[in-house]
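Contents: one structure, followed by commentary.
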Amino acid sequence: MVIRRTEILYNRTAQPKRPKRSNTKPSSSTSPKTKPVHTDKSRKRKAVEMSSSSSSDDEPLLTSPKKPKAGSRRPNGGAVSAKAPPAGEVAKAAVLPNTAVVKASEEDDVSSDDDDAPLTAKAKSKGTAQADPSDSEDAPLAKAASKPKAKRAPPKKAKEESDDDDVFRASTSKAKKAPKTPAKKTKVEPKEESQSPSKSSQSPSKAKAEKKAKAKKEEEEQEEIHKWWEQEALGDGTQKWSTLEHQGVLFPPPYESLPKAVKLYYDGESVNLSIEAEEVAGFFAAMLETDHAKDATFCKNFFTDFKAVLARHPPLDGTVISDFEKCDFTKMYNYFEEERTKKKALPAAAKKEAKAEKDKAEAKYVYCLLDGRKEKVGNFRAEPPGLFRGRGDHPRKGALKHRLSPGDITINIGKEAQIPVPNVPGTWGKVIHDDTVTWLAHWKENINGNAKYVFLAAGSSLKGQSDMQKFEKARELKNHIDRVRDDYNSKLTSRVTQERQMATALYFIDKLALRAGNEKGDDEADTVGCCSLRYEHVTLQPTDRLVFDFLGKDSIRYYKVVDVEPQVYKNIRIFKGDNKTEGDAIFDRVTTTSINKHLNSYMKGLTAKVFRTYNASITFQQQLEERTPKDGSMIEKLAAYNEANRMVAILCNHQKSVSKNHGASMEKMENQVSGIRLMFLLLTRLLTSCRSELSSTNAANLEYRKQENIAEDESDVDDEWIATFEDESREREIEKAKKKFEKDNEKKAAEGEEELKPDVLEDRIAKVNEEYDRLKTERGTDKVEIKGKKTEEQILAAIEKLDTRIKTEKFKMEDKEKGKEVSLGTSKINYLDPRITTAWCKKYNVPIEKLFSKTLMVKFPWAMEVEDSWVF
DNA sequence: CATCCAAACTCGGAGCCGCCTGC
DNA sequence: CGCAGGCGGCTCCGAGTTTGGAT
């Protein structure tokens, strides 16, 4: 499997440059042509760009960095691989002329599909080989493993345990309930802060004292961490807490009406809106310049809801608003913009103060008390009213999201805890004491009737535990994966359609990391996953190649060209065959429920999404193993890590839109590199003249490279280029000088000093020109002057330095280019077992901070202590 | 020290999956 | 009694905003 996975990663033929979120932003000009991908259900969706440009296939994501020049790099359209099948393959394809024939041949090729057997075998051998024998795999496991075991322990055990807790309960003062098994954690009291700093403040110097206090505090905080992962048992998972105290949700401040002068205009006249209607109009006005306001569905839904509000709260001046087109929101929009810039321009101190105030108001909501422990709450703010921003072609986008009041909220809290008082008038809709769930508050959102919750933060013990369980479950799949694969591979030829469909679907879920694909309703965006794949989402190409093109979760386009097992190819032919057409499900005998049920028979708790976690993590681990240079530099190691991360992101189809200044940014880097190259060239020349052996620049260059073993770069630094570069640099410096001059004067004016005379500026410019004129005369000659470089050794050292700088810069650029539309964060947060990273860090002596951000560190405390030999 | 830009974090919508319920 | 459909609870997801580091 290890090997196969890689193959898949590489086999993908070039992706057409995804029209990033093309459907989300139909108006976006960057997504070019579209080919109809619709179904009879969701009709207007168009999506996919199809490029006519043929292009190489087996060359994914990597666009070789070229010279920037203008906005040249917009990859227009992608390349659907229009590869001409090799002759031999054509013949093969002829084997599958039509469904009938295929059907007839169904039973035939059982032999051909256990092609996967070697796969698993490989995986096994490789796995063990690198896993550094059995015990290394088991030892760390055993350590952490008390949990998995415990998890499976009968519920009774947990019960006993929680009963035990009661013994401790009495001891905690404030909460009058106590932590579970306090043995391992050192300190639990939430009210620490006050004492320690003051105690430690005996230090002489103030700064020192402060520092010390800080250190001490940190230390203390560390001590306080509840190391639940070191505890024996986690309980049976039904009871999530025994005591719980929190403040409920924080409501946004009530709406304040706009200044009198700021009005909605209707048919050219200002309207005196009711305050309720004004708020809603404001929601739209604020989004006037976004793509949303240009979206028909969005506007339609907004206006419907707006009119409903108007009906309840009519304009005070009797205006009747019935035509969206006649509404003019610009005055409101402008006002918001003004406010925004005003706010931005506020002095830093004022900003700080405002923030401090806000923090203070929110402070008590930030933490809750779970089993007596202070734990961070996730999103404690009630979602403010606004317009629903559905993703993709969501039928409800633009609808008005109501303002919540306490009556809408259900609070879940410990029986003995004090019930919080809402920060706005009203009382909680309901207060319950359900210790089998993890949410603190809950309400129903009015758009789709979906439930919303307040949960603990990602770094909390509750979240951490379930996160770890998720990865443990994925690891458990390792023990069953061979069996599962053998099974679905053999069933690819089953005579029972249902089995065959299930096997094929599983193949996709496993190999392509597709999501399960639940059915969706009419009131939701038309997106699909494996089971909901329709006729038009998969097309067949000669020689066992499938083209997937559909919108997945969040309306992210999934476009991949994949070479599959011949039998899978045949199966898709069959499933698409006969009387099916666009809009029909490919897997009509399989549902997410049936798949999960089936999977559960291999392993308790096994579901489709476990495959995503498993494959992501195992691929990551294996890619790391492969790519990490054993004694490379830090940069190289980090690059390898990144690359492994990227492979996973590609597998999981985690995308991001290309940032709008990507092109400019690349150009800038390119320019920098060119600058360095020029310097490089000059220095080589200088070296030449210094040695006075060779006279030709190129010869010197070559000579140098030969001697010092420095790689030839495809440098396009020729004389002509140097000329433009120098001219441009000259321009830039002159601009800079002008700017500086103005600034200096502003400063002087502010300080009441006399302004600089214009000739000072001219002087400065002259200096720049002088310098560049000199360069110009030197251009193409051997005469080079670079200050500071005297001896041959110095020059050589400088050249060497430049060379590595060029290399690292270029490397950075490649990395950036490759990653411009791949989002690495999602997999890092959700799919990659953090212990793979921590073990790798230890093994290769890389500081974890280079890979995990602060929040990630907070999220994964449980992964920090594994040994370097730990394997997923 | 201001400015610029990328990384980090916040936000809230989307999807998965188990369980309950009602036919 | 079986199972489909809906709901509850939780993970996952990229955009948008904020932060902070480089220069």
Side-chain angles (χ1 to χ4, degrees), chain A residues 20-21 24-25 240 287 290-292 340 344 348 351 355 378-384 386-392 394 396-397 401 410 412 434 436-439 442 444-445 447-458 462-463 466-467 469-470 515-521 524-525 527-532 551-556 591-597 599-600 605-610 612-613 616 649 652-657 659-662 664-665 668-669 672 739 743 747 812 816 819 821-831 852-859:
Chain A
K20 43 154 201 199
R21 293 208 157 225
T24 318
K25 310 178 181 172
K240 303 298 198 326
M287 301 171 83
T290 67
D291 287 349
H292 287 118
R340 230 163 56 107
K344 227 170 156 181
K351 277 192 205 163
K355 185 167 190 297
N379 187 24
F380 51 81
R381 275 171 278 263
E383 287 178 17
L387 303 181
F388 178 74
R389 299 155 106 103
R391 310 218 174 112
H394 198 296
R396 293 285 288 143
K397 66 166 125 179
K401 215 165 68 167
T410 300
N412 187 33
D434 185 349
T436 66
V437 296
T438 64
W439 52 267
H442 157 267
K444 202 165 226 170
E445 149 266 309
I447 303 290
N448 305 300
N450 290 337
K452 295 279 195 170
Y453 299 86
V454 172
F455 292 119
L456 294 190
L462 238 35
K463 289 285 193 194
S466 72
D467 212 28
Q469 274 173 37
K470 173 182 78 185
R515 294 191 181 79
N518 281 321
E519 284 303 319
K520 300 191 71 184
E524 296 169 285
T527 60
V528 300
C530 185
C531 294
S532 44
L551 296 180
K553 180 179 176 184
D554 287 344
S555 293
I556 298 296
T591 65
T592 53
T593 316
S594 67
I595 284 217
N596 286 336
K597 204 170 156 193
L599 287 175
N600 199 54
L606 184 60
T607 62
K609 70 164 254 174
V610 178
R612 248 169 103 79
T613 312
C652 293
N653 200 38
H654 293 145
Q655 307 187 10
K656 72 178 182 206
S657 50
S659 82
K660 59 174 177 285
N661 44 23
H662 175 81
S665 174
K668 203 171 151 188
M669 289 174 87
Q672 265 180 5
K739 263 198 182 146
K743 224 152 188 196
K747 205 171 164 189
K812 267 202 233 162
K816 196 186 170 85
E821 49 190 20
V822 181
S823 164
L824 301 186
T826 305
S827 48
K828 215 171 185 176
I829 294 171
N830 298 303
Y831 288 102
F852 280 175
S853 65
K854 202 181 78 206
T855 36
L856 248 30
M857 295 290 283
V858 171
K859 181 176 181 188

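Predicted model, so just to flag it, every value in this text is computed and none were measured.
Among C/dC13, B/dA14, B/dC16, the nucleotide with an atom closest to any side-chain atom of A/Asn830 is C/dC13. Closest to the side chain of A/Arg515, from the set B/dG15, C/dG14, B/dA14, is B/dG15. Comparing atom distances between the A/Asn379 side chain and each of C/dC13, B/dG12, B/dG18 picks out B/dG12 as nearest.
Distance alone, capped at 3.5 Å, places no donor-acceptor pair between the A/Asn450 side chain and the A/Glu445 backbone. With hydrogens and angles disregarded, a donor-acceptor distance shorter than 3.5 Å links the side chain of A/Asn412 to the backbone of A/Trp439. With A/Lys240 contributing its side chain and A/Thr436 its backbone, the two residues share a donor-acceptor pair below 3.5 Å.
Within the 4.5 Å cutoff, the side chain of A/Val822 has no heavy atoms near those of the A/His654 side chain.
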Check nucleotides 8-10 of chain C against the protein and report each pair of N or O atoms closer than 3.5 Å, with its distance, or say if there are none.
from	atom 1	to	atom 2	distance (Å)
C/dG9	OP2	A/Trp439	NE1	3.3
C/dG9	OP2	A/Tyr453	OH	3.4
C/dC10	OP2	A/Thr438	N	3.0
C/dC10	OP2	A/Thr438	OG1	2.8
C/dC10	O5'	A/Thr438	OG1	3.3

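In this model, the phosphate group of B/dA14 is approached by a side-chain N or O of A/His394 to a distance below 4.0 Å at OP1 or OP2. Contact annotation: A/Ser853 side-chain N/O to B/dC9 OP1/OP2 distance is under 4.0 Å. Applying the 4.0 Å criterion to OP1 and OP2 of B/dC17, one finds that A/Lys609 has every side-chain N and O outside that range. The phosphate of C/dG14 (OP1 or OP2) has no side-chain N or O of A/Ser657 nearer than 4.0 angstrom. Regarding contacts with the backbone of B/dC17, every side-chain N or O of A/Lys597 stays at 4.0 angstrom or more from both OP1 and OP2. Close to B/dC16, at under 4.0 Å from its OP1 or OP2, lies a side-chain N or O of A/Asn518. Proximity of A/Arg391 to the phosphate of C/dC13: no side-chain N or O atom is located under 4.0 Å from OP1 or OP2.
Atom CG in A/Asn450 sits roughly 14 Å away from atom P in B/dC16 (whole-Å rounding). The interatomic distance linking A/Glu524 (CD) with C/dG6 (P) rounds to 11 Å, in whole Å. One atom, CD1 of A/Ile829, and another, P of C/dT11, lie 14 Å apart when rounded to the nearest Å. Between the CG atom of A/Asp554 and the P atom of C/dT11 there is a distance of 17 Å, given to the nearest Å. When rounded to the nearest whole Å, the span between CD of A/Glu445 and C1' of B/dC11 equals 14 Å. Remark: C1' of B/dG12 and CG of A/Asn448 are 12 Å apart, rounded to the nearest angstrom. Whole-Å rounding puts the A/Lys452 NZ to C/dC12 C1' distance at 13 Å. At whole-Å resolution of the value, NE2 in A/His292 and P in B/dG12 are 13 Å apart.
Nucleic acid contact for A/Lys470: sugar-phosphate only, since backbone atoms but no base atoms lie under 4.0 Å from a heavy atom of the residue. Contact annotation for A/Asn596: backbone-only contact, meaning every heavy-atom pair under 4.0 Å involves sugar-phosphate atoms and none involves a base. The residue A/Ala608 sits close only to the backbone: its heavy atoms come under 4.0 Å of sugar-phosphate atoms, none of a base. Among the atoms of the strands shown, base atoms are found under 4.0 Å from some heavy atom of A/Lys553. Here A/Lys355 lies in heavy-atom contact (under 4.0 Å) with sugar-phosphate atoms only. Backbone-only contact: A/Arg612 has heavy atoms under 4.0 Å from sugar-phosphate atoms and none from a base. No contact: A/Thr592 has no heavy atom under 4.0 Å from any strand. Within 4.0 Å of A/Lys401, counting heavy atoms only, lie sugar-phosphate atoms of the nucleic acid but no base atom.
Heavy-atom distances to DNA chain B give each of A/Thr855 and A/Asn600 a nearest nucleotide, and the one nearer the 5′ end belongs to A/Thr855. Nearer to the 5' terminus of DNA chain C, by closest-nucleotide assignment, is the contact made by A/Arg340 (compared with the other of A/Lys854 and A/Arg340). Checking A/Phe852 against A/Arg389, the closest nucleotide of DNA chain B that is more toward the 5' end is the one next to A/Phe852.
Counted by atom type alone, A/Thr527 and A/Lys520 present one or more donor-acceptor pairs between their side chains at under 3.5 Å. Donor-acceptor pairing under 3.5 Å is lacking for the side chains of A/Asn596 and A/Thr607.
A/Glu383 and A/Lys401 are joined by a salt bridge, as a carboxylate oxygen and a charged side-chain nitrogen come within less than 4.0 angstrom of each other.
Atom NZ of residue A/Lys444 and atom OG1 of residue A/Thr410 lie 10.0 Å apart, to the nearest 0.5 angstrom.
Aromatic ring orientation, A/Phe388 versus A/His394: perpendicular (interplanar angle above 60°, classes split at 30° and 60°).
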